[in-house]
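To start, the structure itself, in structure tokens.
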Amino acid sequence: MSESEKRIVRPYGDTTGDGMVQLSFTLPLSHDKRAEGAAAQLANKMGMDPAMVVHAKAMGPDFTFFVAYGPVHHLVDTSKVVVLEREYPMLTAKEANLAIKRGLRRPLVVVGACIGSDAHTVGIDAILNIKGFAGEKGLEYYTEIKVVNMGAQVLVPELVERARVEKADAVLVSQVVTQRDAHLYNTREMAAAFNEAYPRGSRPLLVVGGPRFDELMAAELGVDRIFGKGTTPGEVASYLIHALLGAKA
Amino acid sequence: MSESEKRIVRPYGDTTGDGMVQLSFTLPLSHDKRAEGAAAQLANKMGMDPAMVVHAKAMGPDFTFFVAYGPVHHLVDTSKVVVLEREYPMLTAKEANLAIKRGLRRPLVVVGACIGSDAHTVGIDAILNIKGFAGEKGLEYYTEIKVVNMGAQVLVPELVERARVEKADAVLVSQVVTQRDAHLYNTREMAAAFNEAYPRGSRPLLVVGGPRFDELMAAELGVDRIFGKGTTPGEVASYLIHALLGAKA
Amino acid sequence: MTVQRTTPSRPATTRPRSKLELDQRVVRHARALARKAGAPVVKLAKTHTTVSVERAVLRLAGLAGADPDGIPWVNRLVDAVAADCGLQHGVALPVWDALLRDAGDDLLALAQKSAAGAVSFRIPEGKDAARAAKTATAAVNIGLKQIDRNRAQRDKLVRRLGDPPKPWIYLIVATGDIYEDIPQAQAAAREGADVIAVIRSTGQSLLDYVPEGATREGYAGTYATQENFRLMRAALDEVSVELGRYVRLTNYASGLCMPEIAALAGLERLDMMLNDSMYGILFRDINPIRTFVDQRFSRQVHARAGIIINTGEDNYLTTADAIEAAHTVTVSQLLNEFFAKEAGLEDWQLGLGHAFEINPAVPDSFRLELAHAMLARELFPDAPLKWMPPTKHMTGDIFGGYLLDGFFNLAGALTGQGILLVGMMTEAVVTPWLSDRDLALQNVRYVFNAAGRLHEDFLPRHDGFIVQRGHQVLGEAIELLQAIVDDGLLDAIGDGTFGLMKRPADRGKGLDGVVEQAKGYVNPATDLLEGTQR
Amino acid sequence: MTVQRTTPSRPATTRPRSKLELDQRVVRHARALARKAGAPVVKLAKTHTTVSVERAVLRLAGLAGADPDGIPWVNRLVDAVAADCGLQHGVALPVWDALLRDAGDDLLALAQKSAAGAVSFRIPEGKDAARAAKTATAAVNIGLKQIDRNRAQRDKLVRRLGDPPKPWIYLIVATGDIYEDIPQAQAAAREGADVIAVIRSTGQSLLDYVPEGATREGYAGTYATQENFRLMRAALDEVSVELGRYVRLTNYASGLCMPEIAALAGLERLDMMLNDSMYGILFRDINPIRTFVDQRFSRQVHARAGIIINTGEDNYLTTADAIEAAHTVTVSQLLNEFFAKEAGLEDWQLGLGHAFEINPAVPDSFRLELAHAMLARELFPDAPLKWMPPTKHMTGDIFGGYLLDGFFNLAGALTGQGILLVGMMTEAVVTPWLSDRDLALQNVRYVFNAAGRLHEDFLPRHDGFIVQRGHQVLGEAIELLQAIVDDGLLDAIGDGTFGLMKRPADRGKGLDGVVEQAKGYVNPATDLLEGTQR
Ligand code: B12
Ligand code: B12
Ligand SMILES: Cc1ncc(COP(=O)(O)O)c(C=O)c1O
Ligand SMILES: Cc1ncc(COP(=O)(O)O)c(C=O)c1O
């Protein structure tokens, strides 16, 4: 099938266009026929019709868990999907180093940290440490990139201070804990602090990442770029060079 | 909580009112960012916002499987739920036999079968055979009920014929296979045949059952009653007596 | 540091040392009893024929197609012969006698003519009979040679493309439409299926004829027709090349047309067939004698075609309790083995069935499953064994179901099953979705990759729970076999010994299609298959 | 027929005969090395104190509450003492000396007065010192007696309500709001949890004070406060009665306030505490000496309180590879055991940690997990052992995750783990939902009911893969211990031996809170706990 042909698609169970979907959820109701009806009602409201409530399990006196199957009437219009396409060329470590040598004539400085109370360093380490991720070496491996990894639970003021001292070209921040939107809150705080501390337009490139970020929210959060789950060091390096050296690279 | 208080409820993840729901489905798209965006779009259309697409797995070049989590905005109004409440009293085998003796003065005759090409007899046997279901003995156990179990893959004409010969008070039909709505089709055919064969208002009580029936569709399908998954013989016996002997019982 | 990391492996299905410490004398005794129990039925099968057996003869001789109403010519012709002179001598003599009497220049012409009422059949005598028999044999032999070519072709493809390791991953397609089945089957193969089974439409097994042509309107399955066989086998040959492994095709023989479908399977190079000596009797209320006659012929054809049969013991456990009835599975396996061997099948062709159907709420259910599976494995060390997933106790709880399927896979790995039917988490909900199959295969892969060789470490404790249970079931099986030998198999079936179904020998569907052979009965196919002539 | 059906059972955690055929001489050698490696650190702990140790002394003596800015009075008072005369003699002498000099009629009054700058502290000499020490000891002893009463009360409740069989099902609540936690914890208990852990808010472990009062605003967890402890314990006592089994409560000690939180746990009758001798160092970059001093004191308090500790080896495997680093887990377990015993804890109090974190894509991953789990089980036959579920390799594939958790449960059953943390299929997605817990418990129930006693049948083959792997890991652990003995534990930690984290002894958070004891240092709590006086 050519893309255009399937601009409009529907979920697929076992035949084209059947629209089949699986659902599960809990309702704060004791388990009885009425509760099953309520579950069907929710499924209907989600566009599933007819809704087969195939499983209902009481969890204590006040809650019931449901599994529902059925077709949804919604159409998916793939042409309406907005995604952040990679706007930069992927570079090998070698090419990246060369580009920096040419474009910057000095090592590119990166300061990384896990801010706020977040102590999930595996993600940022995957990007920064030589060890790397998914078979790609981390930024420390790049001869032309100087990496300062501040580790976990770094306070924003410390981060800003360090970035200044190191004359950071880019600041890389990781946020993994998302409960109560901690990641959004911390990112905004961080961005504000940098804009505060640096004269307009002179602040380092701000990059955040984490498995639960929406890559399209960068502007909204006041940072330059967001990387989501499965990011590889190579992508980050390539982006940095593109963003910092642009044409020069 | 009193029922009234929670007339309006929302799905429950880990806090009241969070509206959290789990979804999974396949889209006929090759796996890429755009496909993940399409998955999010579908989730949005189902009322999930924000939609976290937490898993995407390519199944061959043309399909991708997705799992999504997130809150849905829909409210469930339990007062709007229509359910078929049991309108008859539950009787023990003893009470049932007594009621028949009194009300009918002769054994109540039941003819059961799996019609069409359906060979799933376990369900109807669970209702009819002595062995029964869920600890309740089947109708054969009732001294005042005569059970004729015709077994699997019975043709409608045979069924009508047998019902006539046995002077059946009620005909019990099972339909388990639902692919291509076979169960609905076969039920309608069966009902038509009986109305055809019997003078108006004199046909036996028509009861169908199976795990995938919607109990509310009886009228629509032209039968007197539908029983769904988990039905017990006791419920069926009690219903039969209620429907056939009504007040007399 | 170094771990002995070796490439993922599926468990060896080669004869393991007895983990149940079975006494081989007891095992031999059990087999002897099965032979005793089966012998009278074989005698019955040798002295009777059925309309389907006779139709199969004509199919092997090349008669195909159907009349304008869709009734196959083989049915028309056999019915005509039956009407004129009965079937007690078989169709071969009267049909080829008629041909020799220029009633038509080939079978099709003859069938058409007879349909028009322009032919009357007789039982030839003496020379005529001899000539009729001779030409009939030549005609049937053409079909058998075709079957032989297919078998050789399969061997060549397996050699060239490679044979997947055991257990073979067995997946089902069941859309009802052969043209939807084909892409799904190819997808399933790409996802990792080694064997594709096309489920038949509900009800076909009770049709006393085999539908014709490519079909698109089955319920919960697709009709088994020669053309559908051909289309699907061709499609799988295509992916087999693409994938570099020979993907096998399975369909269903058992039913009213066992012999014919067996013939068609051989003619279209199917690789496995569901073929049980008693399934039709128990689960489709087909007359016992009809079934026993048909199954013998069909298995002789499978033997010749190099087809692996799958038996249906798993079905018992969907109606009976898997613990109480565990020994009936063993008994049925022993009977199926006896009938199969008698019909000429070899050990490697015996996909004896059993299933993981114990109620998961029963304490120690997994240990019991292991005991049962191990018993089957050790009783039939050289048979592939068909390991069926949980179905009866699957519910709408797809998560619990997915877990249960994982433990089913583990039991398969620990007991070296040869043909693994992949369990679907939606078993109680819908016929499998594309994603259900994909998830199911990931389940299989995890278990076999992570624990596929755990059986090497796993030695059930001497005289422990598992060993004891294995011995207990074998003991009960022997008792039951003894009882069957005493009452006779037909009566046992009549009394509901298997799957709780009572099936008396003088009832059931297709009885009118059973005929006792007269003296001078001729069946060139049987003769050729039994090698009494080539 | 009769199957030996016995009531479902969880696997015995009582000493099984060695399935790994470990050589007890080798095991003794490993323990001896752990002792050698740990001894110097114990010496360090005995000759230093920390702000948190001193604050814990005041808490045991009954000082609670916080100033208007929410700074606990214990912090204010200790800081004041430090400012006036340093902490090298401990707070007890200067504080009770001040009280005896009528600087206030009780600790609270004194703290308030000193906060107002109206008190100056000194190190009393001679008689004054003796009197101060005596009254301080009496005051602290009141706290310890309260702890003793709680321990007795727990024993009584366990006797009266009954103790659940091992493994104890351990569930987590983490809403951040104690008033949401309570109903969830009670629900979890009703669903079958034997142990409830209230996860702390992220970041608390780096606070150098313990927050006050009931709290409702934690991130991904709820603050550990004395009041929250009290509220939750009371709520669980309620359900314990309802359910007829004593439901245990767990919280976290490790962090900058280990000693104080340990004291509060004892005062509020918590039953288990996460308490690792190195977790704070490795995962929270807390200064090594600070941690070693704090953990020793906190463990002495736990020992007195009859609290079971849970160590954090599982965490290593979230940052390091579970196969490569398997032996570091064993080494850490041996060190944790040594430090725990030295602090007075007994075997039954050692919930040594390990986890099912091998990449499921690795061939034989399940066999490797079994080998590792079995090694821990056999090295510490009398310790309950804390068995942690897969987390790192959990993904958004909730079905695969549910299956993996099932195999984790199976490994737990096959190796007789004592404390089973229940894995959640949504591990990679959200903090657990109500339904995730319910499904997870069904998973546990199925596995333990179906295969809980499979370990009775399961004897790993002599010299097979599992046995060999067990020996290999123990061997590597011994090599590493030898290296640690040679370089010294602090340097090993500095070099990133554990969890790949490099933590030099002269860096890390809370270093400024570490003080070397001067001659004449007095700590009535330690004295009482070590029984040098009563
Ligand atoms: C390992 C782990 C831990 C370890 C962390 C060790 C360490 N030093 O990092 C330990 C055990 C200490 C831990 C503790 C806790 N954890 Co934790 N933990 C995890 C776990 C299992 C794996 C995370 C991980 O390492 N992923 C692997 C890395 C490589 O992936 P990644 O982080 O997504 O990073 C990639 C991309 O996101 C991106 N990326 C990430 N950051 C950045 C930054 C930049 C600049 C760029 C460009 C890219 C980038 O690139 C990386 C490579 O592709 C997850 C569950 C799971 N399976 O995801 C829970 C999880 C993250 N933890 C969680 C929680 C709540 C905690 C605790 C609060 C309590 C608890 N439940 O354990 C504590 C407190 C920790 C704290 N104060 O923050 C929750 C978070 C829930 C939420 N969304 O809010 C999770 C999801 C588990 C759960 N379901 O409860 N945890
Ligand atoms: C057992 C079984 C079989 C056995 C049947 C044996 C027998 N003699 O009945 C065998 C192996 C023969 C079989 C074959 C097939 N089966 Co089947 N089978 C099942 C299975 C595993 C269990 C059904 C069952 O026994 N349930 C237990 C009974 C007690 O429950 P019940 O039927 O719902 O009945 C209860 C209520 O519904 C109600 N009730 C039912 N009937 C009636 C009637 C009346 C009057 C009343 C009052 C109440 C009532 O009361 C009963 C007690 O509570 C289901 C999967 C599953 N786990 O559900 C598949 C399933 C029903 N089978 C299925 C299919 C497709 C087939 C086959 C076509 C091919 C295949 N996939 O195996 C063949 C062909 C059979 C045919 N021609 O119809 C599908 C149906 C899909 C669909 N919805 O269309 C299912 C759902 C499996 C699947 N996912 O593919 N099957
Ligand atoms: C041995 C055997 N034959 C045939 C079938 C299918 O029979 P039918 O097409 O009648 O459903 C099965 C189904 O499980 C079987 O096990
Ligand atoms: C031993 C130990 N202590 C403490 C914690 C929690 O520490 P924090 O509150 O810093 O996340 C853990 C978490 O897994 C742990 O394993």
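Each chain gets a letter, A, B and so on, in the order the sequences are listed, and its residues count up from 1.
- Summarising the geometry, atom CE belonging to B:Met59 is positioned 9.5 Å from atom CZ belonging to C:Arg437; distances are rounded to the nearest 0.5 Å.
- Taking all atoms of both residues into account, the shortest heavy-atom contact from B:Arg212 to C:Val429 is NE-O, 3.5 Å.
- B:Gln153 CD to C:Phe283 CZ: the interatomic distance, rounded to the nearest 0.5 Å, is 12.5 Å.
- The distance from atom CG of C:Asp177 to atom CZ of B:Arg180, rounded to the nearest 0.5 Å, is 6.5 Å.
- With chain B as partner, the option from C:Gly203, C:Ala220, C:Ser205 having the largest number of non-hydrogen pairs under 4.5 angstrom is C:Ala220.
- Here the CG-OG distance, from C:Leu439 to B:Ser24, works out to 7.5 Å after rounding to the nearest 0.5 Å.
- For B:Lys229, no part lies under 4.5 angstrom from a heavy atom of chain C.
- Among the candidates C:Arg190, C:Gln204, C:Glu191, C:Glu217, the residue making the largest number of heavy-atom pairs closer than 4.5 Å to chain B is C:Glu217.
- In this structure, chain B has no heavy atom under 4.5 Å from any part of C:Thr395.
- For B:Gln179 (side chain) and C:Gly218 (main-chain N/O), no donor-acceptor pair under 3.5 Å exists by modelled atom type.
- Per-residue counts of heavy-atom pairs under 4.5 Å with chain B were compared for C:Leu434, C:Thr319, C:Thr318; the largest is that of C:Leu434.
- Only the backbone of B:Ala152 comes within contact range of chain C, with heavy atoms under 4.5 Å apart.
- Of the two parts of C:Lys392, neither the backbone nor the side chain holds a non-hydrogen atom closer than 4.5 Å to a non-hydrogen atom of chain B.
- From B:Asp181, atom CG reaches atom OH of C:Tyr219 across 9.0 Å, with rounding to the nearest 0.5 Å.
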